[in-house]
4 protein chains.
Amino acid sequence: MIIQLDMQSEVPIYIQLMNQIIEGIAASRLKPGEALPSVRHLAADIGVNLHTVNKAYTLLKQEGYIQIHRQKGVVVQPDGLPGLTPEFMAKQLEQLRPIIAESILRGMNLSGLLSQVQKLYEQISPSPPQSGKEPTP
Amino acid sequence: MIIQLDMQSEVPIYIQLMNQIIEGIAASRLKPGEALPSVRHLAADIGVNLHTVNKAYTLLKQEGYIQIHRQKGVVVQPDGLPGLTPEFMAKQLEQLRPIIAESILRGMNLSGLLSQVQKLYEQISPSPPQSGKEPTP
Amino acid sequence: MIIQLDMQSEVPIYIQLMNQIIEGIAASRLKPGEALPSVRHLAADIGVNLHTVNKAYTLLKQEGYIQIHRQKGVVVQPDGLPGLTPEFMAKQLEQLRPIIAESILRGMNLSGLLSQVQKLYEQISPSPPQSGKEPTP
Amino acid sequence: MIIQLDMQSEVPIYIQLMNQIIEGIAASRLKPGEALPSVRHLAADIGVNLHTVNKAYTLLKQEGYIQIHRQKGVVVQPDGLPGLTPEFMAKQLEQLRPIIAESILRGMNLSGLLSQVQKLYEQISPSPPQSGKEPTP
DNA sequence: GTGGTCTAGACCACT
DNA sequence: GTGGTCTAGACCACG
């Protein structure tokens, strides 16, 4: 798992961390049940404060994306990732709204915007994650 | 111009203000050259401090969306709104990326995502600005 | 006398006005003794407030660049323009200093800077003003 | 880093602050990567309000002259200072123009002006930065 | 301890 | 009356 942080970004580091891990799961680079580095290790690896990693993990756990076990450490949610809950859909709309508004203001047409979204979608998820159970012979 | 602010939101007020104004321009509710309320009036109207409004206006001016005339007031950019600059496209991608990643993680498929974006686009975007009167039979 | 004002500039209008008139005199487009438009006329011509023109004229008079007569109107200083007083030299240095500092910071070398200054000098003063008396045959 | 402010000056304090810091960088008294005082410390040191310092820092950051690290502090831009962009050259010309015009009006000749500029340049500019040790015989 | 945000209130320059 | 600047003081997010 490679983490790329921009220490000069205005985006808080713990948010960047969350985003990177979320993207890792979305891209199936991190698979359900797979272990994540301990808070201590990850903090040392990427050179940030323990609290920062801890905050990211805690929030990811709250969203149901990971599990934190006292002894076993941190693993990607093995019991089914959260789906398209109404809360998530609402949050998504609120996040998309200002981005789309500004795109319209700048004169972007719908097809241009859709193609940008599609490009990003395919870039992040190169191999469509096998939803449901894998065929286990 | 109706401004809806959520004082409980974690999104800073001045950002909410910017977003509302941007959306107003995108939707053609605010037209180029149209006057915006003075810093003081708007601040009084929406019940926030003058400096908060001032910050939003200043940033909108920096982005080229409005003009602040000395001692005359604030108007929506009449000299052509900024277009799809490379900087904007880059910013847009960086903003979209985590949203799309999380949508993928949640199991949303491409067509579902695209339809959400399209729905928002059409909701915000004005019907193609009918200059002049509509033909009323 | 053509006046070019930028109403969106952060430079106050009365300062822009002063600069334009100073440049006119420097370029000999306005000659000593020549009449300037009345406050009223100029204000109407360029579409600004009376007070604004008045302020510019008053300050130009204080610097000794023009004379304001109650009835005769406004004329470019006919009794010898102010020279290189110590006060002016000091002001000039204070104005140049931050510009030059920023140029150095940006990596501009001395010759590049000098050539910029020379270019501007020659552009403003195309025909060197005949200092002293003109040869009157 | 010594900051000299003129509280009586018509030049806003935050501009004076910016100028002093820019000059410090230009003179290599402040080197890329070097830390600047925190907003609060500097404000206390020079006896102005925290917001005034903050404004200066924010603008310097926007120009690319410093970096503001979240919760770490402020440092002189370590990733290469901005160069001679077209925007900067245009701004420089606009700033120089009225100064040069007034100098011409006052009867200053080209060589006199150039020597003033050169004097300032050499006064601000550091002796070419001897990287490493000087040869001490 | 750091910068980011917000409030409250004031004076000034500009038009 | 407008925005620009400055002060004073507060709370919060971040690390």
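Just so we're on the same page: letters track the sequence lines, and every chain starts at 1.
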Verify the contact: side-chain N or O of [X] to OP1 or OP2 of [N], cut-off strictly under 4.0 Å; return yes or no.
X      : N       : value
K55(B) : dT5(E)  : yes
N54(B) : dG3(F)  : no
Y57(D) : dG3(E)  : no
T52(B) : dT7(E)  : yes
Y14(A) : dG15(F) : no

Without decimals, in angstroms, what is the distance between [X] [atom1] and [N] [atom2]?
X      : N       : atom1 : atom2 : value
E10(B) : dG4(E)  : CD    : P     : 17 Å
L42(C) : dT15(E) : CG    : P     : 14 Å
Q62(D) : dG4(E)  : CD    : P     : 11 Å
L5(A)  : dC14(F) : CG    : C1'   : 14 Å
Q8(D)  : dC6(F)  : CD    : P     : 13 Å
I46(D) : dC6(F)  : CD1   : P     : 11 Å
L59(D) : dC6(F)  : CG    : P     : 11 Å
M18(C) : dT15(E) : CE    : P     : 13 Å

Closer to the 5' end of DNA chain F via nearest nucleotide, is it M7(D) or K61(B)? K61(B)
Along DNA chain F (nearest heavy atom to each residue), the more 5'-positioned of P12(A) and P37(B): P37(B)
Look at the side chain of H51(D) against the base of dC6(E) and say whether a donor-acceptor pair falls under 3.5 Å; ignore hydrogens and angles. yes
Look at the side chain of H41(D) and the base of dG1(E), then say whether one donor and one acceptor between them are separated by less than 3.5 Å. no
On DNA chain E, nearest-nucleotide positions of R40(B) versus V11(C): which is more 5'? R40(B)
Nearest-nucleotide comparison on DNA chain E, the residue closer to the 5′ end among K72(D) and N49(B): K72(D)
Using side chain to side chain contact (heavy atoms under 4.5 Å, CB included) as the criterion, point out the one residue from V11(D), I13(D), L17(D) that pairs with I15(D). V11(D)
From the list dT15(E), dG3(F), dC6(F), which nucleotide is the closest neighbour of the side chain of V39(B)? dG3(F)
How many angstroms lie between CD1 in I21(C) and CG in L60(C), if you round to the nearest 0.5 Å? 5.0 Å
Considering every strand shown, what is the Watson-Crick or G-U wobble mate of dC14(F) when both distances are under 3.5 Å? dG1(E)
Go through the steps for L5(D) and M7(D) under the test side chain to side chain contact (heavy atoms under 4.5 Å, CB included), then give the verdict. CA-CA 6 Å; L5(D) 295 183; M7(D) 306 305 282; 4.2 Å; yes
Which heavy atom in L81(D) sits nearest to a heavy atom in Y65(D), and how many Å separate them? CD2-O, 3.9 Å
Of all the heavy-atom pairs spanning A26(A) and A101(B), show the shortest one and how long it is. CB-O, 3.3 Å
Set out, in order, the CA-CA distance, both residues' side-chain angles and the distance that settles side chain to side chain contact (heavy atoms under 4.5 Å, CB included) for R106(B) and E63(A), then state yes or no. CA-CA 11 Å; R106(B) 292 261 181 173; E63(A) 300 205 35; 4.2 Å; yes
With sugar-phosphate meaning primed atoms plus P, OP1 and OP2, does L50(C) contact a base, only sugar-phosphate, or nothing at under 4.0 Å between heavy atoms? nothing
Quick one: label V48(A) by what it contacts on the DNA or RNA (base, sugar-phosphate, nothing), any heavy atom closer than 4.0 Å. nothing
